[in-house]
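Note on naming: letters A, B, ... go to the chains in the order of the sequence lines (proteins, then strands), and numbering restarts at 1 for each one. Worth knowing before you read on, the calculation uses all heavy atoms, side chains too, and leaves out hydrogens, waters and symmetry mates.
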Amino acid sequence: MTTGFHELEEAPPPAITSRIEGDLMEVSMGPQHPSTHGVFRMNVALDGEVVRKLKPVFGYLHRNHEKIGENTSYLGSMPYTDRLDYFCSMTNNWAYALSVEKLAGIEVPERAEYLRVILAELTRLQNHASLLGFLLSDMGAWGTPLMYAFREREKILDLFESLSGSRMMCDYMRFGGCRVDPGPDWFARAQKIVEAFPKFLDEFEELIVSNEILIARTQGVGKLSAALAVSAGITGPMLRASGVNYDLRKVDAYGIYPRFKFRVPLGDHGDCYDRLMIRALEMRETLDILKQAMKDVPAGPITNPKVKIRAFKPPVGEAYGRIEGPKGELGFYLISDGGASPYRYRVRPPSFINLTVLEDMCLGHTVADVMVILGSVDIVMGEVDR
Amino acid sequence: MEALEQVKVRAEAAVPGAKVEIIPNVAVPAHSSLLLDREHAFGVAKFLRNDPALKLDHCSNVTGVDWLDRKVAKKVKVKKVVDGAEKEVEETQEEFFPGYLEAVYHLFSMSLKHGPVIIRMRTPDRAAGAHLPSLTSIWRSAEFQEREIFDLYGIKFDGHPDLRRILMWDEFEDFPMRKDYREPDDYEYEPTPHDEVLEKAKKRYPERPALDGAEKLSTEAKS
C-alpha cells in the first residue's frame, strides 16, 4: 500500500499540461450523451484518438440550490437535499441533519442512530451496485449488468418506499431523529435482502472480475496518484482506490460507527479497475455493518422531544458537518444569524470536487477511455450543478 | 491537535508580518476560525499545509459568504448642558460596519487525521472587482470551488490558473449568490404575453412592434 504522503512535502502544484502535435480536433462530448450520466459536457481536444485537452462544462442542471436554502426555513431545505444526489437521498438527509444538529447542539436518540446507519448503508449498497452496472454499460456491456444491479436496487428502493412513502425522494431524517418508525416486519424484510445480497455480489463479481475485456478496458486506465488525489480534495472510494486510508466513518466516527467492526478496502494503482473493485469490496463491508446493526436495534423514541422542528431557530454561529456518502465526503456548511432560515447554506458536493482531476486522468488516453474514466468517478449531475 | 491560539502564534512567527485574528464561534467553539490578512494569506496557508505538526493537506470545502453593510444601533450616555445644568442624556448612535465578501476554507489533515482548521479571507469592500489571493496552487481542490465563488459572488482570485464562470453561462453579468441580487424581470417570456407579463414585456421592449400582434388581437376583440 502506498500512502504518498512523503511525496507531498516537495510536490509542486500539479499543473495542467497538454502536448500538442499537429492538428487538434475539438469535440464537444455531451451534454446529451448517455455516458455522461445526465447533462454534462466536456470540450475535448483530440490528436487522432488521443485526448490532449479536456475542459468540463457544468451548469445545465444549475438551479442555485444554495440560494433556495437561504430563503427557506431550516426544515424546508430537508426535502430539497433529496434532489442533490438523487440516488442517495438518505445520506444527503443525514449530512444535512448532522450539520444542523452540530450547529444547535442536538442529541439524537439511540434508535434513530441505528436507523440512520442502516438506511445509509442500504443507500451505499444500491449506489455502488448501480454504479458498477452503469460503468459496464459505458464500456459496451449494454443492458444486462445494469439490469442485474437494478434488480437488487429495486428491492432496497421498495424498502425505502414502505418506510418513507417515496422510492428516491425519501425526506426521512429530521433534526434530532427520524420521521417514521419502522415496524418489526420492515426489519424482517430488510434482513432478508441483506442475507440474499452476497449471492448477487458473488454472481456479479464472477461476471466482471476476470472478464478479459473489462480488464483490458480498465487496468492502467485513468491512473490517479495518491499525492494528486490528496491535493485535489478527492474523497470517497476514488481516494481509497489510490491507496489513501481516509474513511470518515473511521476518522470522524460520527453517529454510532465506532460500535461496528468493518475494514476499509484500499487500492494499489489508482486506476479504473481499482476504483471499480473498491466498490465491490466496500459492499461486502457494508453488508457486515448492516448485519451488526440490525442485530441489536434498541427500542425507544426516534426523535428528540426537546427539538421544536417547526419554528426552528438555532443559535448564532456556524458549523460544518460532513459524512462519508457513497460518492465521497458530503458536507454542509451553515451560518446562522439566529433567524428562521440560514444566513449561509453551502453544500460540499463530493462528485463536483472529484471532477477536478478529470482532465489529469484523461490526458494521453483515447476518447473511448474518457467514458470509462468519467464513469469510474461516479457523478450525479443533480449534485454537481446544484 | 494543538489549540487554535497556538496555531495563530506559530503562523505569525513563521510568516513575518502576517496578521492572524481568531474569529470566535460561540455555538460551536471547535469551529472557530482564523482570519488571514490578504497580503500574507498565501504564506500562512502554505505554512498550514507544510508544517509537520499540522499537515493540513486536505482542503475540503471552499466557499464564499456575502456580508452586507450593517448598522447597529447603540445607546450611549452623553453629557450635555440642558437648561444651564449639566446632565447625562442617553442618545442612540448608529455604528456603521461596511460590508465585505469573505472566502472560507475548511482544512483537514488526511495524514494526521485531524481538523478542521477554518481560515477566512475578507475583501476590503463589496465592489465587483474585489480581489483575494488564490490558494489553488497550494490545494488543487480549490480550483473549481474558487471558480464557483468567482461565478456566484464575484471575488477575483489572483493567481488562479483558469478563472471563468463555472455554473452560470459566460455571458451572465450579475452574481446570484450575493444578498442584494435581484433576479431580472424578463425571464417569463411568452410568445403572446398578457396581463402582468405584457406590462413587463412593454417595459422591457418598448419599441417592439405590437408585441407579436397579441395587443392588436385583444383590441380587435373589444371593438
Whatever's closer than 4.5 Å to a heavy atom in chain B on A:Glu318 counts as both
Max heavy-atom pairs within cutoff under 4.5 Å with chain B, candidates A:Lys67, A:His62, A:Arg346, goes to A:Arg346
**Study point:** Sidechain N-carboxylate O distance under 4.0 Å for B:Arg140, A:Asp360
**Key:** yes
Under 4.5 Å to a heavy atom of chain B? For A:Val57 that would be neither
From the list A:Ala232, A:Pro314, A:Gly317, the residue making the most non-hydrogen contacts under 4.5 Å with chain B is A:Ala232
Quiz item: Would you say the side chain of A:Phe40 lies within less than 4.5 Å of the side chain of A:Leu61, judging by non-hydrogen atoms?
Solution: no
Heaviest contributor of heavy-atom pairs below 4.5 Å to chain B, chosen from A:Arg386, A:Lys250, A:Arg344, is A:Arg344
Max heavy-atom pairs within cutoff under 4.5 Å with chain A, candidates B:Pro24, B:Ser60, B:Gly115, goes to B:Ser60
Here the pair of heavy atoms bringing A:Asp385 nearest to A:Tyr60 is OD2-N, 3.2 Å
Original post:
Would you call A:Glu324 and A:Arg249 a salt bridge, taking side-chain N to carboxylate O under 4.0 Å as the test?
Top reply: no
Comparing A:Ala104, A:Pro350, A:Ala319, A:Pro315 against chain B, the one with the most heavy-atom pairs below 4.5 Å turns out to be A:Ala319
- Do the side chains of A:Thr356 and B:Gln145 get nearer than 4.5 Å, heavy atoms only? no
Between B:Arg165 and B:Phe150 the two heavy atoms that sit nearest each other are N-CE2, 4.0 Å
Of the listed B:Trp169, B:Trp67, B:Tyr181, the one with the largest count of heavy-atom pairs under 4.5 Å with chain A is B:Trp67
Okay, B:Val62 and chain A: the region with an atom under 4.5 Å from a heavy atom over there is backbone
From the list B:Asp162, B:Thr63, B:Val28, the residue making the most non-hydrogen contacts under 4.5 Å with chain A is B:Thr63
Interface check, chain A: of B:Gly64, B:Ala30, B:Pro116, B:Ser33, most non-hydrogen pairs under 4.5 Å belong to B:Gly64
Report yes if the distance between the aromatic ring centroids of B:Tyr153 and B:Phe175 is under 6.0 Å, otherwise no. no
Whatever's closer than 4.5 Å to a heavy atom in chain B on A:Ser336 counts as neither
Distance to the ring centre below 6.0 angstrom and angle to the axis at most 45 degrees; does that hold for B:Arg147 and B:Phe157? no
When the 4.5 angstrom heavy-atom criterion is applied to B:Pro176 and chain A, the contacting part is both
CD1 (B:Ile118) and CD1 (B:Ile23) are apart, to the nearest 0.5 Å, by 11.0 Å
When the 4.5 angstrom heavy-atom criterion is applied to B:Asn61 and chain A, the contacting part is both
Applying a strict 4.5 Å limit to non-hydrogen atoms, the region of B:Asp66 in contact with chain A is backbone
